[in-house]
Protein chains: 2
Amino acid sequence: MRLTPALITEATLALGDREGEKAMSMRRIANELGCDPMAIYRHFPNREALLDAVADQIVDEVPPPAEGEPWDERIRAVLTGMRAVALRHPGIAGHVAARPPLGSRGRRYAGGLLAALAEAGLPPADVVRAFQALIAYSAAGLRMAVDAGERDARWHQVSGAMDDLPGDAMPVVGSEEQFEYGLRLLLNGIRVEGRLSTAEGCPQGTPR
Amino acid sequence: MRLTPALITEATLALGDREGEKAMSMRRIANELGCDPMAIYRHFPNREALLDAVADQIVDEVPPPAEGEPWDERIRAVLTGMRAVALRHPGIAGHVAARPPLGSRGRRYAGGLLAALAEAGLPPADVVRAFQALIAYSAAGLRMAVDAGERDARWHQVSGAMDDLPGDAMPVVGSEEQFEYGLRLLLNGIRVEGRLSTAEGCPQGTPR
DNA sequence: ACCTGAACACCGTTCAAGT
DNA sequence: ACCTGAACACCGTTCAAGT
């Protein structure tokens, strides 16, 4: 059977889902496809490029945000959607966390985020800054979740740092709840910046 | 000469500074120390543990925050300080970005951050959540800076997603400026949460 | 009992040799 | 001209054999 980029990325994704990140080696992918490892290099310049393509592919599974929703709700929907999709594909999730998928599919969603941030009232230069901050935070949150799922979970050291804190409900490191809290902080922060730059002032704030 | 953990971490750090992340292999570190690769395993269970120790070691170079400063300034000082130190050690910076150094030295700084967040007026459970959000964001910002310094810099794709935006000053991906903007968003957000939970400030604020 | 280095089971990628 | 698979230059870690 003729080899195509799509066949390769699909086999890679399936292998990663089934056997994890380290199973996605050029040799094992080739084995999966029944071809020579070098055959893959005629469709992708190197392993990194292949993983980028696999990461971009799963973006298709992210549900598009509802049109009528306010800007902050759309941002939340896209970022938690991407997170959920990545966690459904444990093999590639680590790569998504390291390099946000901004291939052709990812680009579409990026446009939606940028539009939402403009709607929030940020000046264009800050739209870009806030966008990058959101992407960076999401990547880090995903990485925490991935690592927390691993056996040796170094992120759990974070709880170790808190031993002397009043014994309170400790959110699970890398949990959905933890991720959403940080996202709320960022959206709070964006709201404040938006208000400042549209000069509506603090006292009678815009809804929520 | 007798091998000690400190000798090993110092040799590893020096090698990484000089020749980058990939130079810090067990074989090359051993070569640097003039010992058998296996000798290292008597001081560290595996390579990951050694890199954790190296990452924790550079925390010593972070200047402690001034005592009199307000909480937000102290948080900014510690996080930008850690970032600066990591960027001074390019070999280990990637590891710091992947796994915040929370060994014995890192723990001390973590305590300072937790205290600052309590001062901001957050309830104890949110102190922990905000702490983890800050650590996650800092890690991601550092990773962007590290990757941006590399030749192939995938993070630059972020700019690619913004082609159709009104041509405005584009902040350099992973730059100090970009990092500080996201930090400001988070601190804005924490301030809002602090006000809500202490029931001061903006009159109509209701927790959601 | 302690230590070491050969060996295992892999990598990504190059490139010369084959068709 | 195209393709392939042997070979290169590495890995982290295990473990048997040596002292």
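Every heavy atom of this structure was used, including side-chain atoms; hydrogens, water molecules and symmetry mates were not. Computed from a predicted model, the values in this text were never measured in an experiment. Just so it is clear: chains get the letters A, B, ... in the order the sequence lines come, proteins before strands, and each one is counted from 1.
- Taking atom CG of B:D36 as the reference point, atom P of C:dA6 lies 9 Å away to the nearest angstrom.
- Of the N and O atoms on the side chains of A:R28 and A:N31, not one donor lies less than 3.5 Å from an acceptor on the other residue.
- Atom NE2 of A:H43 is separated from atom C1' of C:dG12 by 19 Å (rounded to the nearest Å).
- For C:dT4, the OP1/OP2 oxygens have a side-chain nitrogen or oxygen of B:R42 closer than 4.0 Å.
- Note that the OG atom of B:S197 and the CG atom of B:D126 stand 7.5 Å from one another [nearest 0.5 Å].
- A straight line from CE of B:M38 to P of D:dC11 spans 12 Å, rounded to a whole angstrom.
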Secondary-structure notation, DNA chain D, from Watson-Crick and G-U pairs under 3.5 angstrom (| other strand): ||.|||||...|||||.||
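- Atom C1' of nucleotide D:dT4 and atom CE of A:M26 are separated by 15 Å, given to the nearest angstrom.
- The distance between atom CZ of B:R27 and atom P of C:dG5, rounded to the nearest whole Å, is 13 Å.
- Summarising the geometry, the separation between CZ on B:R28 and C1' on D:dG12 is reported as 16 Å, rounded to the nearest angstrom.
- Although no hydrogens or angles enter the test, the distance criterion places a donor-acceptor pair under 3.5 Å between the side chain of A:D56 and the main chain of A:R105.
- Taking the P atom of each, C:dA9 and D:dA17 are spaced 16 Å apart, rounded to whole Å.
- At whole-Å resolution of the value, OH in B:Y41 and P in D:dC11 are 12 Å apart.
- Ionic pairing of B:R99 and A:D147 is present here: one or more N-O contacts between side-chain nitrogen and carboxylate oxygen are shorter than 4.0 angstrom.
- Phosphate proximity of C:dT13 to A:R47: absent, as no side-chain N or O sits under 4.0 Å from OP1 or OP2.
- Taking atom P on both D:dG18 and C:dC8, the two are 15 Å apart, rounded to the nearest angstrom.
- A donor-acceptor pair shorter than 3.5 Å can be found between the side chains of B:E61 and B:H89.
- Here the P atom of nucleotide C:dT4 and the CG atom of B:L3 are 10 Å apart, to the nearest Å.
- For the pair A:N188 (side chain) and B:V192 (backbone), a donor-acceptor distance under 3.5 Å is absent.
- Remark: the backbone N or O of A:A97 is not paired with any side-chain donor or acceptor of B:R143 at under 3.5 angstrom.
- With P as the reference atom, C:dT19 and D:dA7 are 16 Å apart, rounded to whole Å.
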